[in-house]
Number of protein chains: 2
Amino acid sequence: MSAPTVYDVAEQADVSIATVSRVFRKPDAVREATRERVMAVARKLGYVPSGSARGLASRSTGVLGLCFPDYDDSTAGVDDGEITLYSDEIIRGMERAARRHGYALLIAASLAGGTESLVAKVAGRVDGFAVLARTVPTEELEIVSRRLPVVMLAGPREMDHLDHIEVANTDGQRQLTRHLIEDHGRTRLAFVGGAEDSPDAQARFHGFQLACQDAGLPVPDAPDARGDLTQADGRAATEALLARPGPAPEAILFANDQMAVGALRVLEHRGLRVPDDIAVTGFDGIPLTRLTRPPVTTVRQPAGRLGENAVDLLVQRLADPTRAPESVMLPVTVVRRESCGCGD
Amino acid sequence: MSAPTVYDVAEQADVSIATVSRVFRKPDAVREATRERVMAVARKLGYVPSGSARGLASRSTGVLGLCFPDYDDSTAGVDDGEITLYSDEIIRGMERAARRHGYALLIAASLAGGTESLVAKVAGRVDGFAVLARTVPTEELEIVSRRLPVVMLAGPREMDHLDHIEVANTDGQRQLTRHLIEDHGRTRLAFVGGAEDSPDAQARFHGFQLACQDAGLPVPDAPDARGDLTQADGRAATEALLARPGPAPEAILFANDQMAVGALRVLEHRGLRVPDDIAVTGFDGIPLTRLTRPPVTTVRQPAGRLGENAVDLLVQRLADPTRAPESVMLPVTVVRRESCGCGD
DNA sequence: ATGAAAGCGCTAACAC
DNA sequence: GTGTTAGCGCTTTCAT
């Protein structure tokens, strides 16, 4: 099973290894007769250029990478594996864009209890890579980004010398909230945020605040409840809100879809009708939101676009490493479904 | 931006390059004091081992690959990007399994009009890879599989010395057909196949034939219509079937979901009710089938499993290249939904 | 436990 | 158009 090398091919084709190399890199630089002779031998021998050797010699791999967190499939499944994960869309977007630019895509998720560095594993084998926010320690990124183009996906801009793509969390939540207020006349609103260190959730809460302010409503200085972005926490937060003294809110806005979906269960169980008695909204636009009853109004993140833009940024920086770091803000879209009171 | 190497680290840490190398491969083989000194320097310099150099020297990359066809996103979208593609599930399955085994995943789709060999691109940078059937010419696989573990996904077993994983197409279609006949009493059935060179579609048709035979119904020797597995072709095939003289079929079985979904549109447009007037079934189990009205009865392929099994086979073969080639058949499950007459 | 030295298979000048 | 010659940055014996 020892693989044939340029030397083997060169010898049998009676040319130098340089010519063999040329045949595979710039065929046009080799006379046709020679080229075909080389190709024939290569085919016969089953020669395939070693990516490692190429990478070493040329200092470039033709591969872009993506690091993402150790996602948890189990929360995704409803009753099977049919749910598109956010990361799937990013992967697809990156793959598509990478392909267009002639790159392959290396993907790696962090190991749950993984001691070893994800970044080191990926960084050594690619020409540049994208990282989903909070997947790897900032310090590591700091180091590796000195050597390699790195683009940060989502999350806030933690490192200002990195290219960075984020989605319009604040703006999206603001629009959504305004919709609830202006189009559905709901004014007694409750917002369920995420952990305090979740920048996305914070940004969304800020959007909520802005909308309240826009409408002349009282502006809360903290979410009415917080959760860890899981369905279970959505349920818990909902219970907590309903247990508060005074009238129940007319609408509960959740910092993400999972929590909103969790809330639906609680509300139904309590005999509260959505959206008649209480409106519910999420954020992210995961497919699950359209499968629930009622379908959940949410804000869709352009995950595929995130991936494509990431590749574009990487390719640009590869072409010109001196470019000033760029920070792109991707627009989101409010998806109106039944849970906010919009007809189906 | 020139990356630091073992030499840089070695020099500053006052050790040999061999020791630096050891620190990153088997830390235990180095005295703690030395190790920490090396690590400190490495961190300071931002040293990251070069995957290419490692690969070259050690003849192994720690990466597994996946080649798939140049899929067409445009057919996927319904009204957005929410649809999980078959390949997404395979990717996710492979990624998960690869991660468990300590491998990263390199994915590459063939370029639509791509002249260059996908296989060559991938083969040179991985320790082994999976190929979705019909993605690359058999001849190329033949060659590269002499050097590298390759596992073929889906499709028939074209090369008997390759590991191979397929899905129980025939059996699934047979079960589904039997369900239609026995549980819903439909006997005037029409089958819409795929291109004649689509082995999956052929296998499904064969399952249909077997079920007809089982039930004592006339056994057709060719599909009633064929399509290219797209929604558009599903519509066309349906039109064609309805235009035939004589009574319309009581059920139309499609070789895949996309065509079945296309059919739904035609049927609705014609005022035919599904399943009352005519039952419809698909194959694959794409998420779209549960979102249509009515939801489509189909046969779900375990795409995630495909990916996981692929990695397992690759890892096994890497561990023992002399193993006899294995051919795994993955079971499918009939998903009964409204379009066949089952309650929702 | 550590070092010295020989490649791994290729690309990239540069000569011819 | 083709050949020569250095490396690319690491792993791997084999010494010490």
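Within every chain, numbering begins at 1; the chains are lettered A, B, ... in the order of the sequence lines, protein sequences first and strands thereafter.
Residue B:Asn309 holds its CG atom at 4.5 Å from CD1 of B:Ile165, rounded to the nearest 0.5 Å.
If you check residues 28-36 of chain A against DNA chain D, the residues with a heavy atom closer than 4.0 Å are A:Ala29, A:Val30, A:Arg31, A:Thr34, listed by number.
Here the side chain of B:Asp8 pairs a donor or acceptor atom with the backbone of B:Thr5 at under 3.5 angstrom. A side-chain donor-acceptor contact under 3.5 Å links A:Arg37 to the backbone of A:Ala13.
Ion pairing between A:Glu308 and A:Arg100 holds under the 4.0 Å rule for side-chain N and carboxylate O.
Considering every non-hydrogen atom in both A:Pro49 and A:Arg54, the closest pair reads CB-NH1, 3.6 Å.
When the side-chain hydrogen bond (donor to acceptor under 3.5 Å, both in side chains) test is applied to A:Ser21, the partners found at least two apart in sequence or on another chain are A:Arg25.
If you run side chain to side chain contact (heavy atoms under 4.5 Å, CB included) between A:Tyr103 and each of A:Leu314, A:Val126, A:Asp127, only A:Asp127 comes through.
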- 5' to 3', nucleotides 4-16 of chain C under a 4.0 Å protein heavy-atom cut-off (B base, S sugar-phosphate only, - none) gives B--BBBBBBB---
